[in-house]
Amino acid sequence: MAQKPGIPKGTRDFNPEEVSKRNYIINTIKKEFEVFGFLPIETPSFENSETLMGKYGDEGDRLIFKILNSGDFLSKVDDALYVKKDSGALTPKISEKALRYDLTVPFARYVVMHQNEIDLPFKRYQIQPVWRADRPQKGRFREFYQCDADVVGSKSLWQEVEFVQLYDKVFSDLGLKGVTIKMNNRKVLSGIAEVIGAKDKLIDFTVALDKLDKIGEEGVKKEMLAKGIAAEAIEKVKPLFSFEGSNADKIEKLKDLLSTSEEGMKGVNELEFIINTIDSLGLNEAKLDLDVTLARGLNYYTGAIFEVAAPAEVKMGSIGGGGRYDDLTGIFGLKNVSGVGISFGLDRIYLVLEELGLFPESVTENTKVLFINFGENEALYGMKAIKKLRKKGIKAELYPDSSKMKKQMNYANKRSIPFVVLAGDKEIEEEKFTLKNMQSGEQKSVSFDEMKDILV
RNA sequence: GUGGUUGUAGCUCAGCUGGUUAGAGCGCUGGAUUGUGGUUCCAGAGGUCGCCGGUUCGAACCCGGUCUUCCACCCCA
């Protein structure tokens, strides 16, 4: 008995239409990456475990897919360790490779390994799948694509300015109106924590603050209290809960709040430069919004933090994110190389474009004309015409078997092929083609050139 | 990792308080129709009721486990 096939949790098959639509997004992103001067690289699907482990925090380690060693790997494990059944201790003994979890850490590894061939600042882009052993839910899969662009070896804030423009350009190209590029700065967050006297609680403080739009002011206060942040400290950050106004207003408010924090002021100045510069350059469709509650993967960001929110009418998490990490390659022994980068969430962008009906029709355009097969001679006559049509870039094909008319017509119908050509003895003799418009049902006898003109 | 949810034909779903042979629509195959599709009519194929176990005279239905789907939390794209 044949077994019923299935695919692993959180993975997907993509049908022809889906692949066409995904390629449309990928090609749009890729084009802009290249226009902005980024170069493509690729890295392996799996890395040595030690390259990945410990780079994403405990939570991240848990979500990394580990690959079992080959061969008789258990025989090499010593009995004492085996009997203890401590997965954490046993894992490194039986698994030395793991699927990549993101593209940033492999990129850092790449920069360190290839530092002699790279000219800094190095701008690279990378579009490849990554894997996470997460529980799937809306817009979250265990295998998904990331589209990353990063620059290493430049501390200039012009890079941040460029990334804001890059986000704006790509989403404009995709016809997505109303996206918000949210921006914050790690130094501002540190500064706030410092000013309220909760510097040691920076992570807890920002994680709680990040949830403001989700759980509201009271929820955030509650969580901060639960994490041991003093009530009077929370009182001091109250202005942040209702941080309204233009970006310029927000900058002024932050300057007041952070006047005593050197680091905080540095962050504010960075934000101010980026905002002012973007103001004078202008954006196509996107809106740049200073959001002091934005924290994201705080672990390695040290300067700017970006997150792109889908248009408000779509209920979807972020469709992109990024930021600056001053010492990304430090973990691999290369000091003082600053990096900044952004990522596009392909799968989520797909869901958003689908929901808003923004895929152009041309994306899924298929065969334009099907030649009915009446037998060997007729097929050859048709194939000669098909060859010439294809040379003109017209998508044409011959039905492979001389099956019944009904079956062949039906095939054209179901694939919504707009034209059918019937060419039998009569047409061959007259050197003509009977071209039928499948939608209107009308058909006429035409020469090759007339047919070509209609199909172009 | 925590909590909930889902699974019956290729697809979408019915299936009563547990009771003979599990149904429909769509799709599929063939025919009415040997150079004309979409409409119509006729016929046919297709199911270990997710899987394993339990309760029962009897389970698609009740119970336990497991896998899967989707959702929320944690975290994140």
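In this text the structure is predicted, and so the values were computed from the model without any measurement. All heavy atoms count here, side chains included; hydrogens, waters and symmetry mates do not. Here is how names work: the chains are called A, B, and so on, in the same order as the sequence lines, proteins then strands, and each is numbered from 1.
In this structure B:G18 sits in no base pair that meets the Watson-Crick or G-U test at under 3.5 Å. For B:G25, the paired base is B:C11 (Watson-Crick or G-U wobble, both distances below 3.5 Å). Base pairing of B:C41: its partner is B:G31, meeting the Watson-Crick or G-U wobble criterion (both donor-acceptor distances under 3.5 Å). Using Watson-Crick or G-U wobble geometry with both donor-acceptor distances under 3.5 Å, B:C61 finds no partner in any strand shown.
Contacts of A:Ser318 with the nucleic acid, taken as non-hydrogen atoms under 4.0 Å apart, involve only primed sugar atoms and P, OP1 or OP2. The residue A:Lys414 sits close only to the backbone: its heavy atoms come under 4.0 Å of sugar-phosphate atoms, none of a base. Residue contacts shown for A:Asp148 are absent, as no nucleic acid heavy atom lies under 4.0 Å away. Residue-level contact check: A:Glu378 touches neither bases nor backbone, having no heavy atom under 4.0 Å from any strand. Nucleic acid contact class of A:Asn410 (heavy atoms, under 4.0 Å, all strands): sugar-phosphate only. Within 4.0 Å of A:Gln408, counting heavy atoms only, lies no atom of the nucleic acid at all.
Nucleotides B:U17 and B:U56, compared at atom C1', are 16 Å apart to the nearest Å. Going from the C1' atom of B:A9 to that of B:A60 covers 14 Å, rounded to whole Å. Across the C1' atoms, B:G58 and B:C74 are found 46 Å apart, a figure rounded to whole Å. Distance noted for atom P between B:U21 and B:G27: 32 Å (whole Å). Comparing the P positions of B:G50 and B:G7 gives a spacing of 8 Å, expressed to the nearest Å. Atom P of B:A59 sits at a distance of 26 Å from the matching atom of B:C67, rounded to the whole Å. Separation of the C1' atoms belonging to B:A24 and B:C49 is 16 Å when rounded to the nearest angstrom. For the C1' atoms, the distance linking B:A45 with B:G37 amounts to 24 Å, nearest Å.
Salt bridge absent: A:Glu18 and A:Lys21 never bring a charged side-chain N and a carboxylate O closer than 4.0 Å.
The environment of CG in A:Asp58 is sparse: at most 12 heavy-atom neighbours from other residues, nucleotides or ligands sit within 6.0 Å.
Across A:Arg142, A:Arg12, A:Arg140, a single residue satisfies salt bridge (charged side-chain N to carboxylate O under 4.0 Å, His left out) together with A:Asp347, and that is A:Arg12. When the options A:Lys444, A:Gln443, A:Glu427 are evaluated for a side-chain hydrogen bond (donor to acceptor under 3.5 Å, both in side chains) with A:Thr434, the one that passes is A:Glu427.
B:C28 atom P lies 14 Å from atom OH of A:Tyr411, rounded to whole Å. As a whole-Å value, the separation of A:Ile372 CD1 from B:G35 P is 12 Å. Separating the CG atom of A:Asp210 from the P atom of B:A77 is a distance of 11 Å, rounded to the nearest angstrom. Across the protein-nucleic acid pair, A:Lys436 atom NZ and B:G35 atom P stand 15 Å apart, rounded to whole Å. The separation between A:Lys404 atom NZ and B:G35 atom P is 10 Å, rounded to whole Å. The NZ-P distance, from A:Lys406 to B:U36, rounds to 11 Å in whole Å. Note: CD (A:Glu143) to C1' (B:C76) measures 17 Å, nearest angstrom. Atom-to-atom, CD1 of A:Ile64 to C1' of B:C76 comes out at 14 Å; the value is rounded to the nearest Å.
Judged by ring centres under 5.5 Å apart and planes tilted less than 30 degrees, A:Phe344 fails to stack against the six-membered base ring of B:A77.
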Item to check | Nucleic acid footprint by protein, nucleotides 65-75 of chain B - heavy-atom cut-off 4.0 Å, B for base, S for sugar-phosphate alone | outcome: ---SS-SBBBB
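Ring centroid separation for the pair A:Tyr24 and A:Tyr350 does not come in under the 6.0 Å cut-off. With ring centers used as reference points, A:Tyr167 lies under 6.0 Å from A:Phe344. The ring of A:Tyr125 has its center closer than 6.0 angstrom to the ring center of A:Phe33.
Both A:Arg348 and A:Met409 lie close to RNA chain B; mapped to their nearest nucleotides by heavy-atom distance, the more 5′-ward contact belongs to A:Met409. If A:Ser343 and A:Asp425 are placed on RNA chain B by their nearest nucleotide, the residue sitting closer to the 5' end is A:Asp425.
A perpendicular orientation is assigned to the rings of A:Phe371 and A:Phe433, their planes being inclined by more than 60° (bins at 30° and 60°).
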Next on the checklist: Determine whether A:Arg62 and A:Glu59 satisfy the following criterion, salt bridge (Lys or Arg N to Asp or Glu O under 4.0 Å), listing intermediate values before the conclusion.
Outcome noted: CA-CA 5 Å; A:Arg62 209 192 71 211; A:Glu59 191 70 21; 3.3 Å; yes
